[in-house]
Amino acid sequence: MNVYFKLLLTLSIGISIFSCGEKKETDAMGNPINQAETSVNQTPKELGKELFEGKGMCATCHKADQKIVGPSIKDISKIYTEKGASIADFINDKGEPLVDPSQYDIMKANFVITKAMSADERKALEIYIMSFE
């Protein structure tokens, strides 16, 4: 019995040592986030562009002045400006689709990513998108 106790104690200590390693923050897709890549002096528009082209995966379906899968960024900006609506609310799944409701089901798949963003990141995305005229 003493052997089993020593074995159990040794395994417990070993597991404790290896599980105390450095924890890395990940995005909604499980990719590691490198905090050093984000500039302290980054404007909200710059952050929005970085998110749009990176972890937000927005650029996969949206281009500046051309409809790919989703509407163009210019169309999105125009309609949200006209209606006084919030893109940040929409990408947090708290608004109705205004630009192209037929693509809403495809867009909803991305809400897993955008809802995992902070409110500041969603606002930065909105600022970036609304900068297109």
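Within the 3.5 Å criterion, the main-chain N or O of V69 finds a donor-acceptor partner in the side chain of K67. Side-chain N or O atoms of D65 include none that pairs as donor or acceptor with a backbone N or O of K74 at under 3.5 Å. Here the side chain of S77 pairs no donor or acceptor atom with the backbone of I73 at under 3.5 angstrom. Between the side chain of E46 and the main chain of T43, a donor-acceptor pair closer than 3.5 Å is present. The backbone N or O of T114 sits less than 3.5 Å from a side-chain atom of R122, completing a donor-acceptor pair. Between the side chain of E53 and the main chain of E50, no donor-acceptor pair closer than 3.5 Å is present. Panel note: side chain Q103, backbone G70; no donor-acceptor pair is recorded below 3.5 Å.
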**Study point:** CA sep, side-chain torsions, deciding dist, call: L125, I87, side-chain contact (heavy atoms from CB on, under 4.5 Å)
**Key:** CA-CA 8 Å; L125 265 174; I87 294 169; 5.8 Å; no
**Study point:** M117 vs K55, side-chain contact (heavy atoms from CB on, under 4.5 Å): CA-CA, chis, key distance, verdict
**Key:** CA-CA 10 Å; M117 292 179 181; K55 81 174 187 178; 4.3 Å; yes
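Scanning all heavy atoms of the two residues, the minimum distance from G56 to I113 falls at CA-CG2, 4.0 Å. The two residues S72 and A64 come nearest to each other via the heavy atoms CB-O, 3.5 Å. Shortest non-hydrogen contact noted between I68 and C61 is CB-O, 3.5 Å. A pairwise comparison of heavy atoms in P44 and A124 identifies O-CB, 3.3 Å as the closest pair.
Between the CD1 atom in I76 and the NE2 atom in H62 there is a gap of 4.5 Å [rounded to 0.5 Å]. The structure places OH of Y128 at 8.0 Å from NZ of K45, a figure rounded to the nearest 0.5 Å. The structure places CG of L47 at 6.0 Å from CD of E121, a figure rounded to the nearest 0.5 Å. Atoms CE and CG, on M107 and N110 in that order, are 5.5 Å from each other to the nearest 0.5 Å. Taking CD1 of I129 as the start and CG of L51 as the end, the distance is 10.0 Å to the nearest 0.5 Å. Going from atom CG of D89 over to atom NZ of K123 covers 8.5 Å, rounded to the nearest 0.5 Å.
Atom NZ of K63 sits in a crowded spot, with more than 12 heavy atoms from other residues, nucleotides or ligands closer than 6.0 Å. Atom CD of E133 has 12 or fewer neighbouring heavy atoms from other residues, nucleotides or ligands inside a 6.0 Å radius.
Relative orientation of the F90 and F111 rings is perpendicular, given thresholds of 30° and 60° on the angle between their planes.
When the side chains of ILVMFWY residues are joined at heavy-atom separations under 4.5 Å, either directly or via intervening members, I79 and M130 end up in a single hydrophobic cluster. A chain of hydrophobic side-chain contacts below 4.5 Å, direct or via other Ile, Leu, Val, Met, Phe, Trp or Tyr residues, connects V99 to M57.
Separation of the Y80 and F132 ring centroids does not fall under the 6.0 Å cut-off.
No side-chain donor from either of S118 and D120 sits under 3.5 Å from a side-chain acceptor of the other.
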